[in-house]
Structure formats: C-alpha cells, structure tokens
There are 2 protein chains.
Amino acid sequence: MASKTIENYLKQIYLARQESRGKFIPMGRLANLMEVTPGTATTMVKALADAHLVGYEPRRGVKLSRAGEHLALHVLRRHRLVELLLVRVLKLDWSQVHEEAEEIEHAISERVLEAIDRLLGRPVADPHGDPIPTAGGKVHPQRFTSLATCPLDRPVRIVRILDQEPNFLRFVDQCGLTPQAIVRVQQRDPLADAVRLRIATDKSARCRILSGGVAARFLVRDP
Amino acid sequence: MASKTIENYLKQIYLARQESRGKFIPMGRLANLMEVTPGTATTMVKALADAHLVGYEPRRGVKLSRAGEHLALHVLRRHRLVELLLVRVLKLDWSQVHEEAEEIEHAISERVLEAIDRLLGRPVADPHGDPIPTAGGKVHPQRFTSLATCPLDRPVRIVRILDQEPNFLRFVDQCGLTPQAIVRVQQRDPLADAVRLRIATDKSARCRILSGGVAARFLVRDP
DNA sequence: CTTCCAATTTTGACTAATCAAAGTATACTG
DNA sequence: CAGTATACTTTGATTAGTCAAAATTGGAAG
Ligand SMILES: [Mn+2]
Ligand SMILES: [Mn+2]
Ligand SMILES: [Mn+2]
Ligand SMILES: [Mn+2]
C-alpha cells in the first residue's frame with residue numbers, strides 16, 4: 001500500500017497538472033504545494049520514480065505515470081466521496097470538509113468507499129462541484145466556461161468552485177454563489193478588472209462585483 | 001498531536017489493563033498486542049514515559065498516567081463511534097467494522113466526531129455492546145455476568161461481545177447470539193466445559209453448546 | 001562570449017518507528 | 001543455594017520522511 005505521504009504527492013502532482021497544462025510540474029511548484037523544502041521534494045520524487053509512479057527529468061520536473069495517475073485518481077475519489085458524506089450525511093459545513101477529507105482519504109478501505117458511494121447514490125460531483133472519478137479511474141472531462149468568460153445577460157448555472165479555502169467558501173455561501181445557483185453576468189469592465197452580476201434567486205435584486213480572478217473560480221453552464 | 005502509533009499503544013495498554021486487573025502490563029504482553037518485537041515495545045514505552053503518558057518500571061511493566069488514560073479514552077471513543085456509524089449508516093457488516101475503525105479512528109477531528117455523535121443520537125454502546133466513553137472521558141462501569149456465570153433457566157439479554165475477531169462475529173451472527181438477543185442457559189457441565197443454551201427468539205427451539213471460554217465472551221443482564 | 005541568478009540538486013544530519021541479535025536480570029527448579 | 005530458562009533490555013542497524021545549507025546548472029542579460 002502506498003503511504004499517506006506518497007498518496008498526497010501523487011494527488012498534488014495530478015491536481016497541479018490540471019491547471020498548468022504543461023506536461024511537467026517543476027520541483028519548486030511541487031515543493032510549495034506539499035509545503036516541504038525543494039530538496040525534500042526532489043528526494044521524494046526520485047523515490048516515486050524508482051517505484052514507477054512518476055516520470056522525473058532533472059531540472060525539468062515530474063509527471064505522473066499511468067500507474068501514478070491511477071493511484072492519484074483513487075485518492076481523489078476517496079477525497080471527494082468523503083467530502084460529500086461529511087456534507088450530506090454528517091451535515092458539516094462545506095467550507096470545512098476539504099481539510100477533514102484530507103486526512104480521512106488515507107484511512108478508508110475499498111469496502112467503506114463502496115458503502116459511501118452506494119449510500120450517496122453514485123454521485124458524480126462533490127460539494128464544490130469537483131467531479132468524482134469512477135471506481136475504474138475515469139473522470140468525465142468538463143468543458144465549462146466561468147463567470148469571467150461566459151456570455152453577458154444570460155442566465156447560467158454555477159456548477160463548480162475552483163477553491164477550497166474555508167474563508168472564501170464561507171463568502172461564497174454568504175453571497176448565494178454556491179453550486180446550482182443561477183446567476184446572470186451583467187457587465188464586465190476589463191480595465192477595472194470587475195465583473196458585475198446578479199443572483200437570480202436573490203429577490204432583493206442586489207448586484208455583486210467580483211474581480212476577474214475571483215470570477216474565474218466559478219465554473220458555469222447553461223441552466 | 002499524538003501520532004497514530006502512540007494512540008495505538010495507549011489504547012492497547014488501556015484495553016489490556018481492563019482484563020488483567022493488575023496495575024502493570026508486562027512488556028511481552030504489550031509487544032504481542034502491538035505485534036512488534038519486545039525491544040520495540042520497550043523503546044516505545046520509554047518514549048511514552050518521557051512524554052508523561054505512562055508510568056514505566058523496568059521488568060515490571062507499564063501503566064497509563066492520568067494524561068495517557070485520557071488520550072486512550074478519546075481514541076476509544078472515536079473507534080466505537082466510527083464502528084457504529086459504519087454499521088448503522090453505511091450498513092457495513094458488524095464483523096468487519098473493527099478493522100476499518102482501527103484506521104479511521106486516527107483520521108477524524110473533534111468536529112467530525114461530534115457530528116457522528118449527534119447523528120447517532122449520543123449512543124452509549126457500539127455494535128458489539130462496548131461502552132462509548134463520553135466526550136469528557138468517562139466510561140460507565142458495567143458489572144455484567146456472562147453466559148458462563150449467569151443463573152440457569154432464566155432468560156437473560158446479551159449486551160456485549162468481548163471479541164472482535166471477524167470469523168467469530170460471523171458465527172455469533174449466524175447463531176443469533178447478537179446483542180439484544182434473549183437467551184436462557186439450560187445446563188452447565190463443568191467437567192466437559194460445556195454450556196447448553198436456548199435462544200428465545202429462535203422458534204425452532206434448537207439448543208447451542210458453547211465451551212466455557214466462549215460462553216464467557218457473552219456478557220448478559222436481566223432482560 | 002562571459003557573468004550572474006534563480007531554481008534545483010546534493011550532502012549531511014535528524015526524528016520516529018521498527019527489527020535482529022546480544023546481553024542481563026528475575027524467577028523457577030532441583 | 002546454584003544453575004538455568006524466560007522475560008526483558010540494550011545495542012546497532014534500517015527505512016521513511018524531513019530540513020538546512022552547500023554545490024551545481026541552465027539560461028538570461030549584458
Ligand atoms: Mn491527504
Ligand atoms: Mn472538493
Ligand atoms: Mn488504530
Ligand atoms: Mn467494538
């Protein structure tokens with residue numbers, strides 16, 4: 001069995017590659033994500049390479065092998081199913097479940113995972129809208145726009161939040177910008193880097209202004 | 001935070017002292033329970049003593065300090081609440097939950113624990129009838145007899161099984177000797193070391209024969 | 001081309017947890 | 001009481017994961 005440490009490295013490498021579409025993750029980036037010194041990351045990655053879980057090219061970076069990606073997806077599946085269990089069954093606040101799942105994801109067996117999946121009715125997304133990989137290790141590729149890029153003056157449905165930071169999530173909750181909410185972007189001001197929008201379900205007709213960077217963290221699709 | 005290893009040692013010391021009422025647990029016994037070599041147990045216990053979690057007397061053994069017992073009870077609380085969650089909510093077989101909880105008990109926070117406790121309605125016993133320590137670290141002292149010692153020909157209620165071994169628990173399930181079952185001991189033969197009993201809920205009026213040792217693992221009280 | 005810098009790798013050291021095997025003390029046994 | 005068996009402790013070594021600090025390198029800037 002892969003250790004907790006190994007699982008965390010693989011998951012982090014997987015997630016890092018999602019954003020920056022380049023094949024290799026540089027060591028400095030990985031070290032930052034794992035909150036270790038660069039030397040530690042280098043040492044660890046060489047060990048992972050020996051175990052054929054990653055490919056490593058000195059001074060270029062690291063990328064997952066087939067086996068490594070497979071393992072990373074399993075960890076991600078556990079993480080996201082646990083998050084959903086914590087929210088739906090144990091009624092924890094969605095702003096907190098990421099941190100909790102970070103530990104629990106390493107402690108549950110295939111049996112327990114299957115039981116959670118069954119209880120929740122084979123869900124396809126976690127509380128933040130992040131897709132849950134299948135038991136076979138497949139992720140349905142999402143091609144969503146965001147509040148920073150979607151068409152103006154048309155209602156769209158928020159389907160995913162690309163941020164796990166508790167304070168940010170509490171803010172999102174406050175605004176009513178949670179997944180499933182219907183919103184309409186009214187205006188974008190590129191120079192001010194501002195996005196003005198209205199939340200359909202908010203009767204008070206109040207507008208919200210978000211920066212472009214924040215708006216980009218809300219993925220949306222047609223309602 | 002205490003490591004997983006430390007939590008397991010403390011819990012094992014606590015449980016070992018329950019049975020053998022002597023104050024000190026000998027190193028050999030602890031090493032066996034922890035499935036490590038005696039030298040490892042000695043080394044570890046000396047570290048625990050330095051952290052004031054146990055008292056250690058060379059060649060006599062180890063016992064929990066106030067702080068150590070407190071921590072052990074917290075681990076036990078997590079373990080037993082997790083077991084109950086797995087059985088009641090996730091519908092896992094009670095023969096398997098002990099092993100599962102053995103890992104999960106180290107991964108859940110106070111927040112998650114409280115949520116489980118709330119969801120389950122502040123239960124006082126786990127699926128095996130083992131008492132769940134309170135958040136404050138108290139255990140209600142149970143004074144039960146067992147099928148090996150209870151009066152003959154009187155109905156009694158099974159309240160606790162002192163064994164976590166999956167095969168044994170499956171056998172218990174099969175017989176219908178699970179907690180809450182009502183049984184009546186018909187006869188004891190000390191020489192043959194045999195206990196004959198009937199399960200009240202079993203219409204077929206079949207008898208079971210258990211050895212004295214096995215019978216002693218079923219704690220009972222008046223129905 | 002040289003020079004220099006930032007990112008990376010290497011080196012040496014440390015902690016937690018473990019084992020094998022050698023040494024020691026206690027308890028039993030005659 | 002001496003001799004031995006058993007339980008325990010000590011010693012030396014190993015593995016996983018980590019950091020600090022020194023060494024290296026690949027490229028950007030002049
Ligand atoms: Mn994690
Ligand atoms: Mn999530
Ligand atoms: Mn455990
Ligand atoms: Mn139990």
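These values consider heavy atoms only, across backbone and side chains, with no hydrogens, waters or symmetry-generated copies. Here is the naming used below: chain letters follow the sequence lines, and residue numbers restart at 1 for every chain.
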K.L.:
Return the set of residues passing ring pair (Phe, Tyr, Trp, His ring centres under 6.0 Å) with H70(A) (not counting sequence neighbours), or none when no residue passes.
P.N.:
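Testing H70(A) for ring pair (Phe, Tyr, Trp, His ring centres under 6.0 Å), a comparison that skips the adjacent residues, returns H74(A).
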K.L.:
Is it true that R170(A) and N167(A) share a donor-acceptor pair across their side chains at a distance under 3.5 Å?
P.N.:
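Indeed, the side chains of N167(A) and R170(A) share at least one donor-acceptor pair under 3.5 Å.
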K.L.:
What's the separation between atom CZ in R217(A) and atom OG in S211(A), rounded to the nearest 0.5 Å?
P.N.:
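Separation between the atoms: 6.5 Å.
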K.L.:
Which one, dT18(C), dA17(C), dG17(D), comes nearest to the side chain of V36(B)?
P.N.:
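Within the option list, the nearest is dT18(C).
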K.L.:
Check ring pair (Phe, Tyr, Trp, His ring centres under 6.0 Å) between H106(B) and all other residues, then give those that pass, not counting sequence neighbours.
P.N.:
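Once residues adjacent in sequence are excluded, H106(B) has no partner under the ring pair (Phe, Tyr, Trp, His ring centres under 6.0 Å) criterion.
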K.L.:
Of E7(A), E114(A), E110(A), which is the lone residue that meets salt bridge (Lys or Arg N to Asp or Glu O under 4.0 Å) with R78(A)?
P.N.:
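Testing R78(A) for a salt bridge (Lys or Arg N to Asp or Glu O under 4.0 Å) against E7(A), E114(A), E110(A) leaves exactly one candidate, E7(A).
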K.L.:
Let me know the distance between CE of M44(A) and P of dT8(C), rounded to the nearest Å.
P.N.:
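From M44(A) CE to dT8(C) P: 18 Å.
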K.L.:
Rounded off to whole Å, could you give me the CD-to-C1' distance for the E7(B) and dA17(C) pair?
P.N.:
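Nearest whole value for this atom pair: 16 Å.
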K.L.:
In whole angstroms, how far is the C1' atom of dA16(D) from the NZ atom of K4(B)?
P.N.:
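Taking atom C1' of dA16(D) as the reference, NZ of K4(B) is at 14 Å.
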K.L.:
Whole-Å distance between dA7(C) P and N32(A) CG?
P.N.:
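So the CG-P distance, N32(A) to dA7(C), works out to 10 Å.
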K.L.:
Whole angstroms only, please: what is the CD1-P distance between I25(A) and dT8(C)?
P.N.:
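So the two atoms are 12 Å apart, to the nearest Å.
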K.L.:
Considering only NZ, NE, NH1 and NH2 on the basic side and carboxylate oxygens on the acidic side, decide whether E69(A) and R17(A) come within less than 4.0 Å.
P.N.:
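Yes, this pair counts.
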K.L.:
How many whole angstroms separate atom CG of N8(A) from atom C1' of dG17(D)?
P.N.:
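Roughly 13 Å, once rounded to whole Å.
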K.L.:
How close or far is atom C1' of dA16(C) from atom CE of M34(B), stated in whole angstroms?
P.N.:
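Those two atoms, CE and C1', are 14 Å apart.
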K.L.:
Given K4(A), which partner from the list E103(A), E102(A), E105(A) fulfils the salt bridge (Lys or Arg N to Asp or Glu O under 4.0 Å) test?
P.N.:
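Exactly one option meets the salt bridge (Lys or Arg N to Asp or Glu O under 4.0 Å) with K4(A), and it is E103(A).
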K.L.:
Considering only nitrogen or oxygen atoms on both sides, find all protein atoms under 3.5 Å from nucleotides 7-9 of chain D and state each distance.
P.N.:
from   : atom 1 : to     : atom 2 : distance (Å)
dC8(D) : OP2    : G28(B) : N      : 2.8
dT9(D) : OP1    : Y56(B) : OH     : 2.2
dT9(D) : OP1    : R59(B) : N      : 3.0
dT9(D) : OP2    : T42(B) : OG1    : 2.7
dT9(D) : O4'    : R59(B) : NH2    : 3.3

K.L.:
Students often get this wrong, so: under 4.0 angstrom with heavy atoms, is T40(B) touching a base, only sugar-phosphate, or nothing?
P.N.:
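Base, at least one base atom sits under 4.0 Å.
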K.L.:
How many whole angstroms separate atom CG of L48(A) from atom P of dT18(D)?
P.N.:
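Computing the L48(A):CG to dT18(D):P distance gives 11 Å.
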K.L.:
Does a side-chain N or O of Y9(B) approach OP1 or OP2 of dA16(C) to a distance below 4.0 Å, or not?
P.N.:
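Negative; the distance criterion is not met.
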